[in-house]
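Shown next, in structure tokens, is the structure this report addresses.
Quick note on labels: first sequence line is chain A, next is B, and so on, each numbered from 1. Only this structure's heavy atoms are used, side chains among them; waters, hydrogens and symmetry mates stay out.
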Amino acid sequence: MDTIKTEVYNILESAIHAAVDAGELAISEVPTIPFSPTKTPEHGDIATPIALGLSKQARMAPRTIAEIIVKHIDTAAHAIIRQIDIAGAGFINIHLSDNYLYDTLHTIAAMQAAYGTCEKGAGKQVQIEFVSANPTGPLNIVSGRAAAVGDTLVNLLNAIGYNAIREFYVNDAGGQVQRLAESIDVRYRQALGEDGLEIPEGGYQGEYLQEFAQTIVETNGDTHLRLKTDERVALFRDKGIAHILGQQKASLERFGVNFDVWSSEKAIRDSGKPEEIIQLFQEKKYLYEAEGATWFRMTDFGDDKDCVVIRQDGEYTYFVPDAAYHRDKFDRGFTTVIDLLGPDHQGHISRLKSLVKALGLPDDWLEMSIIQQVNLVNAEGKRQDMSKRRGQFYTLDTLIDELAETVGEQFAVDVARYFFLMRANSSHLDFNMELAITHASENPVFYIQYAHARCCSIFEQGDEHGITPKPIEEVSLKRLTEPMEHELIRKLAEFPSIVRLSAEAREAHRIPHYLYELSGIFHPYYNQHRVLDPADMEKTHARLILIQSVQTVLKNGLTLLGISAPTSM
RNA sequence: GCGCCUAUAGCUCAAUUGGAUAGAGCAACGGACUUCUAAUCCGUAGGUUGCAGGUUCGACUCCUGCUAGGCGUACCA
């Protein structure tokens with residue numbers, strides 16, 4: 001379709017130039033001609049509001065401009081155009097010849113799994129960092145949402161020709177993991193019968209640490225009590241991080257998300273890079289001393305307050321290793337870096353923007369997007385509170401476990417991914433478990449998967465009756481005359497631009513919606529028109545090509561989302 | 001207080017980034033399996049896009065001011 005668009009674009013552009021040359025249109029320059037896919041077949045296959053856009057410059061009524069432009073198009077001279085209408089306020093609606101509509105089917109047949117991809121990104125290196133949960137507990141469902149979105153964005157960027165990678169930043173240093181270690185220590189001693197202990201302020205209450213402490217007791221007994229407290233806590237920190245990180249990795253793997261790079265905050269701290277950053281900031285006079293701490297002049301970069309970089313006790317705040325980490329990302333050669341942040345990281349955005357300026361990096365090098373909160377709602381629509389420290393939270397694994405009870409493991413992952421991807425990143429998401437479980441059959445993901453399964457089923461049935469699909473070159477596509485068939489083809493033709501748009505806007509949710517719409521044309525078609533008709537094999541083969549195309553696009557789309565495309569349901 | 005996000009049909013969400021008559025699903029009502037899978041389809045009904053202005057040929061979309069809800073605003077990460 002894109003080649004068709006180019007062809008139509010050129011025709012329109014030369015028509016406008018011709019009108020200008022003929023002195024009928026008084027404009028100084030021809031702007032980029034916008035195209036909008038049509039909502040209804042009456043509006044043709046491609047439409048442009050260019051006449052409306054030119055109206056001010058040309059000081060003429062939009063409809064008059066449209067008429068002048070169309071006058072300079074010799075419809076008969078262009079095989080691609082069947083008919084041109086002017087409608088509404090001055091829209092130019094272009095109806096394509098059927099042959100060009102059928103080109104979409106040829107493209108799909110030729111490209112197969114690659115249909116929808118392009119080379120626009122020219123192999124540029126992009127990094128998406130997402131999830132990056134603290135190694136202090138199991139992944140919750142917000143992390144699950146981030147995992148689904150980040151994974152899909154990487155797929156999308158790779159589809160349009162970028163070289164994108166998935167990265168997870170492990171915060172395995174600093175205060176949080178220290179409190180984790182202290183919490184494990186308390187649980188360990190409690191497991192050995194010590195009374196009167198409490199989880200420290202800011203520590204982690206979750207049962208998972210009691211279970212973990214129990215396994216330590218089972219393998220090592222009370223031997224760790226002989227260590228000095230500091231040494232024991234340090235030991236538990238390493239053990240705890242390794243244990244929890246292992247669990248997080250397992251959860252992500254189960255969810256179908258595999259990171260290419262795992263970065264470690266501890267490694268960054270040990271690399272000496274934070275010291276280089278501090279030195280750089282000092283040279284640039286970004287730092288000052290106050291109240292016994294070292295501050296960064298964030299206000300110089302438009303922020304509303306300065307922030308501490310070295311605490312009174314001499315330790316770095318998170319900002320320094322974070323700065324070093326982003327510097328490291330740049331040094332690794334990424335032309336674009338995208339951070340998907342959790343809802344509790346809003347404050348990071350302005351600080352990281354300031355940081356990018358302070359490091360002298362291009363403004364648009366770092367993109368940040370908040371993956372908004374996921375509220376788990378019960379049947380009454382009541383929200384459930386999720387606090388990791390209090391230990392009341394709903395994990396990604398629990399979500400999949402519960403879904404799997406009714407729909408099985410594979411569909412559980414599919415449903416969860418689809419739900420997480422359905423909404424725009426910046427929107428809050430209500431995940432209604434009751435609905436997802438009790439009304440599983442009404443779930444949109446099944447609607448799409450069922451469409452794919454039905455396509456497969458047609459070929460299976462055909463096979464049983466000795467009907468084998470022919471190569472597209474041997475098929476008379478002219479037999480695809482039904483309005484619904486043309487509607488399907490137009491929808492299939494949209495796919496590559498949906499993928500491109502979705503990737504460029506970082507809006508993964510467009511893909512689920514597109515697939516749902518495509519299925520919404522396919523199902524009625526399937527109900528109203530029989531594909532396999534032994535009495536008319538020519539028509540049958542034409543329709544089989546169409547079904548193959550639908551099947552391919554559904555599968556390609558689902559693959560981008562990391563959702564399975566079942567052959568039967 | 002300041003900042004970010006959100007507000008569209010009874011409910012959950014779309015609307016190709018400023019375009020044509022704002023679309024789907026669920027819930028409600030009425031219909032379709034002797035037919036490639038009924039996890040489907042057909043039909044009916046449902047709207048002052050939170051409120052008030054502004055920008056323009058044109059606004060759910062952009063600007064200003066309100067209202068309501070969520071989140072953030074650490075010498076935690």
Can you name the residues that form a side-chain contact (heavy atoms from CB on, under 4.5 Å) with [X], not counting sequence neighbours?
| X | answer |
| --- | --- |
| A/Thr299 | A/Asp306 |
| A/Ala242 | none |
| A/Ala181 | A/Val233, A/Arg237 |

Name all residues meeting the side chain to side chain donor-acceptor pair (under 3.5 Å) criterion together with [X]; count only those two or more places apart in sequence or in a different chain, and write none if there are none.
| X | result |
| --- | --- |
| A/Arg530 | none |
| A/Glu405 | none |
| A/Asn93 | none |

For [X], report the nucleic acid contact type (base, sugar-phosphate, nothing); a contact means any heavy atom under 4.0 Å.
| X | value |
| --- | --- |
| A/His509 | sugar-phosphate |
| A/Arg510 | base |
| A/Glu291 | base |

Salt bridge (charged side-chain N to carboxylate O under 4.0 Å, His left out) contacts touching residues 514-526 of chain A (sequence neighbours left out): A/Lys491-A/Glu517
Quick one: ring pair (Phe, Tyr, Trp, His ring centres under 6.0 Å) partners of A/His348, sequence neighbours excluded? A/Tyr318, A/His345
What I want to check is whether an N or O donor and acceptor connect the side chain of A/Asn93 with the base of B/A20 at under 3.5 Å. yes
Phosphate oxygens OP1/OP2 of B/A77: is one of them under 4.0 Å from a side-chain N or O of A/Tyr318? no
Please produce a list of atom pairs where a protein N or O lies less than 3.5 Å from an N or O of nucleotides 33-36 of chain B.
{"from": "B/U35", "atom 1": "O2'", "to": "A/Arg530", "atom 2": "NH1", "distance (Å)": "2.4"}
{"from": "B/C36", "atom 1": "O4'", "to": "A/Arg530", "atom 2": "NH2", "distance (Å)": "3.2"}
{"from": "B/C36", "atom 1": "O2'", "to": "A/Ser457", "atom 2": "O", "distance (Å)": "3.4"}
{"from": "B/C36", "atom 1": "O2", "to": "A/Val531", "atom 2": "N", "distance (Å)": "3.4"}
{"from": "B/C36", "atom 1": "O2", "to": "A/Leu532", "atom 2": "N", "distance (Å)": "3.1"}
{"from": "B/C36", "atom 1": "N3", "to": "A/Val531", "atom 2": "N", "distance (Å)": "2.9"}
{"from": "B/C36", "atom 1": "N4", "to": "A/Tyr526", "atom 2": "O", "distance (Å)": "2.5"}
{"from": "B/C36", "atom 1": "N4", "to": "A/His529", "atom 2": "O", "distance (Å)": "2.6"}

Kindly express the pairing pattern of RNA chain B in dot-bracket notation, using | wherever a base pairs with another strand and counting only Watson-Crick or G-U pairs under 3.5 Å. (((((((..((((.....[...)))).(((((.......))))).....(((((..]....))))))))))))....
Quick test: give all pairs of protein nitrogen or oxygen and nucleotides 5-12 of chain B nitrogen or oxygen below 3.5 Å, distance rounded to 0.1 Å.
{"from": "B/C5", "atom 1": "O2'", "to": "A/Ser426", "atom 2": "O", "distance (Å)": "2.6"}
{"from": "B/U6", "atom 1": "OP1", "to": "A/Ser426", "atom 2": "OG", "distance (Å)": "3.4"}

Nucleotides 43-46 of chain B: which of its N/O atoms have a protein N/O under 3.5 Å away?
none

